[in-house]
2 protein chains.
Amino acid sequence: MSGVRRPPLAEGVLPGLLGYRLRLAQQAVFRDFAKSVPGMSPGQVGLLVLIDANPGVTQSRLAEALQRDRSTMVGVLDRLQAKGLLERRRGSDRRTNGLWLTPAGRRALGRALERIAGHERRIAARLSATERRELLRLLGRISD
Amino acid sequence: MSGVRRPPLAEGVLPGLLGYRLRLAQQAVFRDFAKSVPGMSPGQVGLLVLIDANPGVTQSRLAEALQRDRSTMVGVLDRLQAKGLLERRRGSDRRTNGLWLTPAGRRALGRALERIAGHERRIAARLSATERRELLRLLGRISD
DNA sequence: TATTGTTATACTCTATAACTATA
DNA sequence: TATAGTTATAGAGTATAACAATA
């Protein structure tokens, strides 16, 4: 057994900080996501959605949209391509790669989005519809 | 020049997802934090606050509170100790290390918290006092 | 036997600098 | 000259498995 009764840690100034509370919420959401959508991260699903909604988009445009360095995209895309979820096709400007989901990628994305529906229900389980809308609005005021 | 006029990327289903909007907000906050508190991450400051508020806390207790593996703490604490910000002292249960901030650690934490005050003002700049409180409350409903 | 800290190892995400091929 | 993608390299943060010291 492990009923070892330890007083909870004092959190000092942290609970008053918006950044800290946001980080805690994000970590809780991340843990539920990992259980709900095994084998894919929020970032990976986000990338697949972006490519699906912008077929032929280049790596650089994606990097710009995500505020990441070009070189960061290479490995991230390599991993998704290695799983057979996307293709790089050389563009008419032959410096560029256009990105497309493969049929397997579209199927995997569809399955992930089904799982995410349940995940979203769980994380918002303790919010009313009004509160959920209000939370989205307030988060928007922070992200610009 | 780079006035290259590109249509913004379509975001597909993402903007309707609470998890996505939370992640965007968190990333925006993280970027401002990095500019505001150079050389320290939110996680590192959080750890220093926890040790400051719980002097002598063991690595295992910290790992448990942060929901991280024991082995994860080793490297994280090594880095802060290498910067001279904390000490490990062997406990009376000689399997344990008690953790304490050094004087330099307390000074560094004080400086970081001063910077964080400005950071917090900036990220909440577009929220009224009421909205800020409401956001904290709603985030709490998500983190448990 | 169980717990604490550690090591060895591995993987993801991130960046900077330098290279290549194209434009 | 400038841009797109890549490589080499580095560092933080995360995990699992196994080990030594201690309880």
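Throughout, protein chains are lettered first and strands after them, A, B, ... in sequence-line order, and every chain is numbered starting at 1. Small disclaimer: the values here were computed from a predicted structure and weren't measured.
Separating the CZ atom of A:Phe33 from the P atom of D:dT14 is a distance of 18 Å, rounded to the nearest angstrom. Whole-Å rounding puts the B:Leu62 CG to C:dT6 P distance at 13 Å. Atoms CG (A:Leu47) and C1' (C:dT12) sit 14 Å apart, rounded to a whole Å. As rounded to whole Å, 11 Å separates atom P of C:dT7 from atom CG of B:Asn97. For A:Arg23 and D:dG13, the CZ to C1' distance is 12 Å, given to the nearest whole Å. Residue A:Phe30 contributes atom CZ, which lies 15 Å from atom P of D:dG13 at whole-angstrom precision. In this structure, B:Leu80 atom CG and D:dG13 atom C1' are separated by 13 Å, rounded to whole Å.
Using a 4.5 Å cut-off on side-chain heavy atoms (C-beta onward), B:Thr102 and B:Arg107 make no contact. Two residues are said to be in side-chain contact when any heavy atoms from C-beta on lie closer than 4.5 Å; B:Tyr20 and B:Glu11 meet this criterion.
OP1 or OP2 of C:dC13 has at least one side-chain nitrogen or oxygen of A:Ser41 nearer than 4.0 Å. Proximity of B:Gln59 to the phosphate of C:dT6: a side-chain N or O atom is located under 4.0 Å from OP1 or OP2.
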Could you walk me through whether A:Leu47 and A:Val76 pass side chain to side chain contact (heavy atoms under 4.5 Å, CB included), step by step? CA-CA 9 Å; A:Leu47 210 43; A:Val76 173; 3.3 Å; yes
Do nucleotides 14-23 of chain C as a string where each nucleotide becomes B, S or -: B if the base has a protein heavy atom under 4.0 Å, S if just the sugar-phosphate does, - if no protein is that close. BBBB----BS
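A 6.0 Å sphere centred on CZ of B:Arg115 holds no more than 12 heavy atoms belonging to other residues, nucleotides or ligands.
The listed nucleotides are C:dT6, D:dA4, C:dT4; the one nearest the side chain of B:Ser60 is C:dT4.
Electrostatic pairing of A:Glu134 and B:Arg137 does not count as a salt bridge here, judged by no charged N lying under 4.0 Å from a carboxylate O. Taking the charged nitrogens against the carboxylate oxygens, A:Arg88 and A:Asp78 do have a contact shorter than 4.0 Å, which makes a salt bridge.
Side-chain contact check for B:Arg79 and B:Gln44: no donor-acceptor pair (N or O, by modelled atom type) lies under 3.5 Å.
Nearest-nucleotide positions on DNA chain C for A:Gly43 and B:Leu77 put B:Leu77 closer to the 5' end.
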